[in-house]
Asker: 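After the structure tokens below, expect a handful of questions from me.
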Amino acid sequence: MDPIKVDFTGGGADKGPDKKTGVVIPPERKGLKIIINIILTLVFGGIMYYFMLPVLNFKDIKLYFFLGAIFVFYCAVNFVTSGAIKTPDYTPYAKKSSLVPKILLGVTVAVAAIGMLVSSVFFRASSYSKIIDVKSGDFATDVTEADFSTVPVIDESTTSVMAERALSDLSKLGYVSQFTVQPKYYQINYHDTPVRVSSLQYSNIIKWLTNAKNGLPAYVIVDARTQKSTLVEVKDGIKYSTADHFSHYVTRHVRFQYPTYLLDEPTFEIDESGHPYWIFAKLDKTIGLFGGTDVTGAIIVDSVTGECSEYSIDEIRTKSELAWIDRVYSANLLIEQYNYFGRYQRGFWNSVLGQKDTYSTTEGYSYLAMNDDVYMYTGVTSLTNDESLTGFVLINQRTKDATYYSTSGAKETSAQSSAEGLVQQYEYEASFPLLLNIDGEPTYFMSLKDSSKLVKGYAMINVGQYSIGATGSTLTSCIEAYVAELAKNNIKVSVDTENISDDTGSEQKNITVTGKITDIRTAVIGGESVYYIKLDSSESYYSVKAADFENVVLVNNGDTVTLTVTANSGTIIPVSGLK
């Protein structure tokens with residue numbers, strides 16, 4: 001332990017008694033120890049910056065946590081190097097020599113607190129309500145009638161199943177068990193077709209060590225209409241991605257080039273030639289210090305070379321060579337902005353007390369492809385009555401053009417429950433509804449998935465009257481059944497189904513099963529008669545709707561029948577053909 005030296009005269013280099021804290025006893029070589037404190041703090045700050053990646057911008061709340069951690073670390077190190085941890089006599093010195101970082105810490109906390117206060121929606125409700133401009137529209141005329149050749153029939157969960165199947169093609173490239181599909185699938189328009197794309201990722205850290213030099217060899221593209229998954233080889237490999245580490249971790253790569261830019265999470269996209277990029281939306285806080293997040297531009301990163309290009313939001317909206325970019329505004333940001341618009345048109349207190357003309361988005365969202373752009377769709381409901389729909393909003397994810405369509409009807413979750421109720425005997429799960437224009441009728445369209453997340457059928461539910469709905473094992477049969485149900489309720493629509501292809505391109509192929517009937521059971525489900533047929537060639541029961549195949553009422557035990565199905569395993573298998 002260093003010898004304790006006290007100058008009681010009040011002179012010399014060492015200060016005498018402090019009037020507030022008593023005797024201040026500095027350690028030996030205190031100047032050296034201060035330098036050590038600074039060096040250790042700089043090292044700590046550098047490591048923390050490398051991994052935390054805060055924005056060097058006072059509009060980023062993470063910066064305040066970063067600075068606060070540095071000041072606290074300096075104080076902690078100072079207590080250790082001064083010997084105050086082991087020798088309490090040095091505590092007054094440690095406290096006094098930590099005064100500057102303590103003041104800086106207090107200033108940091110104060111600035112952050114004031115920033116949050118001046119950015120609060122409590123004081124700035126009017127500004128928040130104007131962050132997005134929403135116009136009103138007519139659904140029947142504004143939204144193009146559904147083109148079933150491009151309507152996506154799978155959601156993200158089914159996409160993941162299809163994408164995993166494409167990995168078998170990695171063996172052709174000389175890779176086995178080295179990569180998996182990154183569990184994030186981004187819906188874009190590719191050659192006027194809705195697809196979901198995802199980058200690969202390394203199976204584990206060892207696989208990264210052995211493959212990082214060559215990068216990720218491919219990405220996966222899944223056609224959202226045909227369900228066909230394709231592994232697309234990337235020449236020279238994807239060397240910058242969210243699956244990489246150190247300087248090739250794409251977020252770190254961009255942060256080091258743009259240290260003061262507020263950026264959103266990266267999204268994976270491909271241009272019309274199929275070349276992969278990462279898109280970082282450039283953000284700004286437009287209300288106070290921390291509020292009113294909005295997009296001002298984008299950083300486009302070549303995933304192969306790491307080259308970065310910056311564009312303003314006006315350039316992205318207007319330049320034809322950038323029209324391939326579909327996702328600049330994230331769905332979460334658009335929902336946040338619309339909720340500000342819906343809640344605070346009449347001020348903060350109205351949103352809490354009177355709640356007159358206040359609206360909020362519903363629980364989920366989906367995507368609609370129109371005019372080679374991707375629109376985020378979500379329902380809108382009243383804050384005082386969230387069990388029904390007051391309308392829905394479509395927002396362009398590239399331009400932020402937002403249109404609200406007023407209509408009363410069922411929320412998406414109600415439509416999902418209604419669709420699942422129509423096929424409750426199969427225990428299918430309905431995907432989140434996609435909003436379609438069926439000859440002017442707003443209609444929810446859903447895929448019906450089994451426990452393996454494979455599409456087994458489709459459902460259509462009317463938005464205005466969710467008791468009107470229909471299902472079908474094929475897209476054509478579903479549409480025809482839905483049109484018939486509308487007609488029963490005096491709603492006349494015209495839909496041409498002649499050019500609709502029911503070949504989804506997936507691995508579900510029609511299978512014919514022939515055998516003698518050994519058992520027949522019937523049930524009435526959802527108002528429909530359903531026959532369950534057991535054949536001597538299978539342990540399963542095959543379900544046949546009398547509404548789809550009237551001749552099922554004529555079959556008897558011992559008859560030989562030929563059934564058409566899309567799968568031949570399971571306790572109960574739906575039938576798409578009966579002879």
Side-chain angles (χ1 to χ4, degrees), residues 146 151-161 224 227 362-367 377-379 381 386-389 392 409-436 438 441-486 488-489 504 506 508 522-532 540-548 565-567 569-576:
V151 170
V153 300
I154 57 175
D155 59 8
E156 189 165 350
S157 64
T158 303
T159 300
S160 65
V161 175
Q227 304 182 52
T362 52
E363 294 87 346
Y365 57 84
S366 188
Y367 302 104
Y377 149 79
T378 185
T381 185
D386 60 2
E387 294 303 316
S388 62
L389 202 69
F392 45 87
K411 291 172 59 176
E412 300 94 332
T413 51
S414 297
Q416 284 178 288
S417 298
S418 180
E420 290 168 356
L422 293 174
V423 289
Q424 57 185 297
Q425 67 272 30
Y426 307 130
E427 297 184 352
Y428 290 159
E429 176 189 354
S431 63
F432 189 84
L434 181 68
L435 184 69
L436 299 182
I438 306 298
E441 280 292 317
T443 300
Y444 289 128
F445 172 77
M446 291 155 280
S447 297
L448 300 173
K449 304 173 292 181
D450 63 11
S451 58
S452 299
K453 304 302 180 184
L454 297 178
V455 176
K456 296 299 183 181
Y458 308 96
M460 302 180 80
I461 304 294
N462 189 268
V463 174
Q465 303 179 56
Y466 71 97
S467 61
I468 302 175
T471 65
S473 57
T474 65
L475 187 55
T476 299
S477 64
C478 179
I479 297 170
E480 291 175 344
Y482 178 64
V483 172
E485 286 297 317
L486 289 175
K488 291 178 183 178
N489 290 271
T504 62
S506 70
Q508 301 177 56
T522 60
V524 177
I525 300 176
E528 292 187 280
S529 295
V530 180
Y531 286 72
Y532 297 90
S540 301
Y541 276 86
Y542 297 88
S543 62
V544 185
K545 288 184 177 181
D548 294 337
V565 297
T566 56
S569 62
T571 305
I572 299 176
I573 302 172
V575 169
S576 58

Asker: Would you mind reporting whether P433 and I461 have side-chain heavy atoms less than 4.5 Å apart?
Answerer: no
Asker: Do Y428 and K456 come close enough that some side-chain heavy atom pair is under 4.5 Å?
Answerer: yes
Asker: Would you say the side chain of K545 lies within less than 4.5 Å of the side chain of T471, judging by non-hydrogen atoms?
Answerer: yes
Asker: Is the backbone of A430 close enough, under 3.5 Å, to the side chain of E420 for a donor and an acceptor to pair up by distance?
Answerer: yes
Asker: How close do A419 and M446 get, counting heavy atoms only, and between which atoms?
Answerer: CB-CE, 3.8 Å
Asker: Under a 3.5 Å distance rule, please check whether T378 uses its side chain to pair with a backbone N or O of G364 as donor and acceptor.
Answerer: yes
Asker: Going by distance alone, is a donor N or O of one side chain under 3.5 Å from an acceptor N or O of the other, for K411 and T381?
Answerer: no
Asker: Is any side-chain heavy atom of F445 closer than 4.5 Å to one of Y482?
Answerer: no
Asker: Of all heavy-atom pairs between Y466 and S414, which one has the smallest distance, and what is that distance?
Answerer: CD1-O, 4.3 Å
Asker: What are the two closest heavy atoms between A470 and L422, and how far apart are they?
Answerer: N-CD1, 3.9 Å
Asker: Any side-chain heavy-atom pair from V153 and T158 closer than 4.5 angstrom?
Answerer: no
Asker: Going by heavy atoms in the side chains, are I438 and N462 under 4.5 Å from each other?
Answerer: no
Asker: Please report the shortest heavy-atom distance between T474 and Y458, naming the atom on each side.
Answerer: C-CD1, 3.6 Å
Asker: Within the structure provided, determine whether D155 and F432 are in side-chain contact (heavy-atom separation under 4.5 Å).
Answerer: no
Asker: Does the pair V161 and I154 meet the rule for a side-chain contact (heavy atoms from CB on, under 4.5 Å), with working shown?
Answerer: CA-CA 10 Å; V161 175; I154 57 175; over 6 Å; no
Asker: I'd like to check K449 versus S157 (side-chain heavy atoms, cut-off strictly below 4.5 Å). Are they in contact?
Answerer: yes
Asker: So, the side chain of T443 versus the backbone of E441: is there a donor-acceptor pair under 3.5 Å, distance only?
Answerer: yes
Asker: Would T362 and L389 count as a side-chain contact (heavy atoms from CB on, under 4.5 Å) here? Give the steps.
Answerer: CA-CA 8 Å; T362 52; L389 202 69; 4.1 Å; yes
